[in-house]
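Here is how names work: the chains are called A, B, and so on, in the same order as the sequence lines, proteins then strands, and each is numbered from 1. It should be emphasised that the depicted structure is a prediction, and the values quoted were computed from it without experimental measurement.
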Amino acid sequence: GESVGLHLPTLSVQEGDNSIINCAYSNSASDYFIWYKQESGKGPQFIIDIRSNMDKRQGQRVTVLLNKTVKHLSLQIAATQPGDSAVYFCADILTGGGNKLTFGTGTQLKVEL
Amino acid sequence: DSGVTQTPKHLITATGQRVTLRCSPRSGDLSVYWYQQSLDQGLQFLIQYYNGEERAKGNILERFSAQQFPDLHSELNLSSLELGDSALYFCASSVRESNYGYTFGSGTRLTVV
């Protein structure tokens with residue numbers, strides 16, 4: 001994961017469009033990745049996870065893609081809805097190397113009506 | 001409601017003071033994790049307990065300590081508070097020691113003045 005700066009990257013999308021949120025991780029040995037959604041005033045909420053032996057995993061309206069070659073993770077949200085407005089974080093972990101998640105830079109997703 | 005309960009929701013205290021943050025994990029969860037979220041550092045792992053025992057330690061200051069009680073609730077003690085300790089403190093829980101799909105609570109917002 002990367003440090004979070006004072007100003008989060010922002011992604012603005014129109015309602016109904018697809019959203020793609022990107023994340024770069026730094027530890028090439030990380031073998032498990034998670035996306036979290038954090039709405040204002042709430043704690044992070046688990047969205048979807050993926051192990052390093054996979055390239056893609058799909059959930060309900062969400063897809064996570066993992067490119068280990070360039071250490072890049074993306075979250076795709078289909079048919080974005082106003083309720084998707086939140087800050088999205090990726091997190092990675094090296095299983096067996098301690099139980100802490102390292103959170104990446106958050107992205108503020110704004111859904112415009 | 002995530003099932004993870006944190007109290008208090010807000011806390012304002014002066015520098016040099018000591019506070020205790022409390023967390024009740026989701027029913028059935030044995031692992032408790034503490035995270036600090038500040039503007040300039042993002043989400044930082046502090047410490048993990050599993051069934052009463054410390055399991056992993058992150059960037060936790062010596063002025064901070066935590067414990068997990070027999071009923072599985074956890075407390076995070078912050079002492080000799082400094083202005084820079086102002087942050088959101090999140091507790092998360094999971095069933096197993098190495099289940100990384102944590103469920104987060106809504107956090108305690110600590111303001112040190």
Side-chain angles (χ1 to χ4, degrees), chain A residues 1-9 23-27 29-52 54 57 59-60 62 64 66 73 75 86-108, chain B residues 1-7 9-10 21 23-26 29-51 53-60 66 68 87-109:
Chain A
E2 299 177 352
S3 299
V4 175
L6 284 173
H7 300 287
L8 297 175
C23 175
Y25 62 94
S26 56
N27 188 351
S30 294
D31 53 6
Y32 185 71
F33 305 86
I34 305 177
W35 278 99
Y36 280 90
K37 170 187 180 183
Q38 187 174 18
E39 296 174 275
S40 181
K42 297 184 179 180
Q45 176 187 357
F46 174 91
I47 302 174
I48 191 168
D49 58 0
I50 188 169
R51 293 206 173 272
S52 60
M54 302 171 68
R57 188 164 188 220
Q60 187 177 11
V62 294
V64 56
L66 175 62
L73 199 65
L75 177 71
V87 176
Y88 289 81
F89 293 96
C90 67
D92 66 277
I93 191 166
L94 170 60
T95 55
N99 292 328
K100 66 167 185 170
L101 286 174
T102 300
F103 282 82
T105 303
T107 296
Q108 174 81 55
Chain B
D1 182 10
S2 67
V4 178
T5 303
Q6 289 189 248
T7 56
K9 290 193 182 303
H10 302 278
L21 312 184
C23 169
S24 294
R26 248 182 359 168
D29 286 357
L30 300 178
S31 257
V32 171
Y33 310 79
W34 285 97
Y35 279 79
Q36 179 192 58
Q37 186 176 38
S38 58
L39 279 176
D40 59 348
Q41 292 293 322
L43 271 159
Q44 298 285 319
F45 171 77
L46 296 178
I47 198 164
Q48 179 208 4
Y49 281 83
Y50 175 76
N51 205 19
E53 294 187 2
E54 183 183 305
R55 276 293 187 260
K57 220 167 184 177
N59 302 320
I60 187 166
Q68 185 179 29
L88 271 167
Y89 290 84
F90 287 104
C91 167
S93 71
S94 65
V95 172
R96 295 188 301 275
E97 182 177 354
S98 57
N99 181 345
Y100 309 115
Y102 310 159
T103 299
F104 280 84
S106 296
T108 294
R109 180 173 292 280

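- The two residues A/Phe103 and B/Phe104 make their nearest non-hydrogen contact at CZ-CZ, 4.0 Å.
- Counting heavy atoms of neighbouring residues, nucleotides and ligands inside a 6.0 Å radius, atom CZ of B/Arg26 exceeds 12 of them.
- With hydrogens and angles ignored, the 3.5 Å screen pairs a side-chain donor or acceptor of B/Tyr35 with a backbone N or O of A/Leu101.
- Within the 4.5 angstrom heavy-atom criterion, only side-chain atoms of A/Gln38, from C-beta onward, approach chain B.
- Counting only heavy atoms from C-beta outward, the side chains of A/Gln45 and B/Tyr102 never approach each other to under 4.5 Å.
- B/Gln37 approaches A/Phe89 most closely through the heavy-atom pair NE2-CZ, 3.6 Å.
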